[in-house]
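If you read the sequence from its start, that first residue is 1, and numbering goes on from there. Indexing begins at 1, ligand by ligand and atom by atom, following the structure's order.
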Amino acid sequence: MSQPSDNLYSQPLEAITGFVFDENVARVFRDMISRSVPGYATLLSMLPVLAQEYIQDNSHCYDLGCSLGAATLALQHSHTRNNVTIIAVDNSDAMIAQCKANILQSSTNTTVKFHCADICDIEINNASMAIMNFTLQFIQPDKRLALLSKIYNGLNKGGALVLSEKIRFDDSQQTWMTQLHHTFKKLNGYSDLEISQKRSALDNILIADTVEQHQQRLRQAGFSKILLWYQCFNFVSILAVK
Ligand code: GEK
């Protein structure tokens with residue numbers, strides 16, 4: 001089925017307001033994320049490997065900032081454990097509504113529960129896996145450690161957090177990576193105007209950390225096994241095991 005394409009920033013806007021995950025974004029989100037995040041499809045296609053390794057019988061998996069449920073779908077169809085419940089959480093009504101519709105279309109033995117809530121407010125327990133794909137970057141920096149500590153405390157021994165993020169760099173690599181990212185977006189059909197208006201909309205809303213900041217915060221939260229398992233330009237995924 002073809003997806004509506006993202007042209008939200010294609011026309012000159014008089015004023016650029018801060019980016020919000022509303023109905024307009026939810027409608028085009030699948031197209032938006034695949035044309036904006038280098039390596040997104042590959043990252044999703046590797047989740048079954050991590051699921052096979054870390055999901056435990058009789059446990060919960062969390063998809064934190066689930067959007068349309070891409071990670072939930074990847075897990076739901078791949079693990080081989082018994083009595084697993086996936087809990088998909090997003091604080092955008094529009095995203096959760098579409099996520100429910102997407103997931104209900106696919107039938108498996110895994111139960112999926114949906115919560116429209118702030119991930120900083122939910123309880124996490126009996127978790128063997130938590131996936132936070134490109135969501136921590138939208139959480140206020142001063143709340144990030146508390147959220148990771150809560151995830152650590154809610155994981156069972158041997159359970160894993162998959163943390164995927166856009167990252168920033170401290171030095172000249174920042175300019176280099178930004179250039180490569182823009183080229184990626186342009187090759188995916190975004191104009192210079194779309195790229196620059198979207199960047200302004202995300203200013204102070206998507207706040208990226210360096211890989212070192214992520215690793216240090218994960219250690220502070222309690223994780224000792226931390227692995228940068230995937231990187232595509234300025235987007236990474238980190239595996240942290242309890
Ligand atoms: C994917 N994981 O396709 N609480 C809950 N949800 C939140 C919060 C919060 N405090 N802040 C933002 N969100 C997905 C992609 S998108 C990434 C995730 C992006 C939600 C927000 O509503 C949006 O759906 C999601 O986090 C971020 O693999 O757009 O770059």
Side-chain angles (χ1 to χ4, degrees), residues 3 6 8-9 18-48 50-51 61-76 78 86-103 112-124 129-148 150-151 161-168 181 184-185 188 190 195 198-199 201-209 230 232-238:
Q3 293 299 315
D6 168 26
L8 297 181
Y9 293 97
F19 190 83
V20 282
F21 291 96
D22 59 11
E23 284 95 29
N24 292 331
V25 170
R27 190 172 48 81
V28 300
F29 188 74
R30 193 169 297 175
D31 180 62
M32 175 186 277
I33 194 159
S34 54
R35 286 164 68 209
S36 306
V37 176
Y40 177 69
T42 306
L43 191 156
L44 288 177
S45 74
M46 290 300 129
L47 291 182
L50 304 179
C61 295
Y62 291 82
D63 183 0
L64 301 171
C66 60
S67 298
L68 304 183
T72 294
L73 275 168
L75 294 190
Q76 193 188 24
S78 60
I86 301 176
I87 299 163
V89 188
D90 203 290
N91 66 351
S92 157
D93 290 327
M95 287 292 192
I96 282 286
Q98 282 209 31
C99 181
K100 271 185 194 167
N102 290 344
I103 305 294
V112 183
K113 292 183 176 168
F114 305 90
H115 288 304
C116 186
D118 188 325
I119 54 174
C120 297
D121 297 336
I122 62 160
E123 192 187 322
I124 293 185
M129 188 164 224
I131 298 188
M132 192 153 46
N133 273 351
F134 312 109
T135 305
L136 191 67
Q137 60 200 23
F138 293 106
I139 303 295
Q140 280 172 32
D142 62 355
K143 290 187 168 176
R144 292 179 185 182
L145 176 58
L147 174 57
L148 292 183
K150 177 173 73 174
I151 293 170
L161 165 66
V162 179
L163 174 65
S164 309
E165 289 276 286
K166 181 178 187 181
I167 51 160
R168 71 175 174 83
H181 187 207
F184 171 84
K185 291 181 92 168
N188 281 328
Y190 284 119
I195 294 170
K198 171 101 180 280
R199 185 169 27 153
L202 284 171
D203 200 26
N204 280 323
I205 289 182
L206 189 170
I207 301 172
D209 291 322
Y230 184 70
C232 191
F233 302 132
N234 46 345
F235 291 79
V236 299
S237 189
I238 299 171

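Checking only distances, I33 never comes within under 3.5 Å of ligand 1, N or O to N or O. Considering backbone and side-chain N/O of I119, one or more are found under 3.5 Å from N/O of ligand 1. Any N or O atom pair closer than 3.5 Å counts here, and D118 shares at least one such pair with ligand 1.
Using a 4.5 Å cut-off on side-chain heavy atoms (C-beta onward), I96 and C66 make contact. No side-chain heavy atom of D90 sits less than 4.5 Å from a side-chain heavy atom of T135.
The protein heavy-atom contact nearest to atom 13 (N) of ligand 1 is N91 OD1, 3.5 Å. Here the protein heavy atom with the shortest distance to atom 17 (C) of ligand 1 is F134 O, 3.0 Å. Closest protein heavy atom to atom 22 (O) of ligand 1: D90 OD1, 2.6 Å. Here the heavy atom of the protein found nearest to atom 18 (C) of ligand 1 is S67 OG, 3.1 Å. Scanning the protein for heavy atoms near atom 14 (C) of ligand 1, the closest one is G65 O, 3.4 Å.
Of the candidates F21, Y40, F138, it is Y40 that places a heavy atom closest to atom 3 (O) of ligand 1.
A donor-acceptor pair is defined here as one N or O able to donate and one able to accept, closer than 3.5 Å; such a pair exists between the side chain of Y230 and the backbone of G39. When atom types are taken as modelled, the side chain of S36 and the backbone of I33 share no donor-acceptor pair closer than 3.5 angstrom. Checking side-chain atoms of E165 against main-chain N and O of D209 turns up no donor-acceptor pair under 3.5 Å.
Rounding to the nearest 0.5 Å gives a distance of 9.0 Å between CZ of F114 and CD1 of I86.
Ligand 1 does not have S164 within reach: every non-hydrogen atom of the residue lies 4.0 Å or more from it. Contact annotation: Q137 has at least one heavy atom less than 4.0 Å from an atom of ligand 1.
Near M95, the atoms of ligand 1 lying under 4.0 angstrom from a non-hydrogen atom of the residue are 24 (O). The ligand atoms of ligand 1 that sit less than 4.0 angstrom from a heavy atom of S92 are 22 (O). Close contacts between ligand 1 and I139 involve ligand atoms 9 (C), 10 (N) [criterion: under 4.0 Å to a heavy atom]. Proximity to A117 (heavy-atom distance under 4.0 Å) selects the following atoms of ligand 1: 4 (N), 5 (C). Interface atoms of ligand 1 facing N133, defined by a heavy-atom separation under 4.0 Å, are 2 (N), 14 (C), 15 (C), 18 (C), 28 (O).
F235 and I167 make their closest contact through N-CG1, 4.5 Å (heavy atoms, listed as atom of the first residue, atom of the second, distance). Nearest heavy-atom pair across A71 and D63 is CB-OD2, 3.6 Å.
Using the six-membered ring where Trp is involved, F21 and F29 have ring planes that are perpendicular, over 60° apart on the 30 and 60° scheme.
Checked against side-chain contact (heavy atoms from CB on, under 4.5 Å), N91 has no partners two or more places apart in sequence or in another chain.
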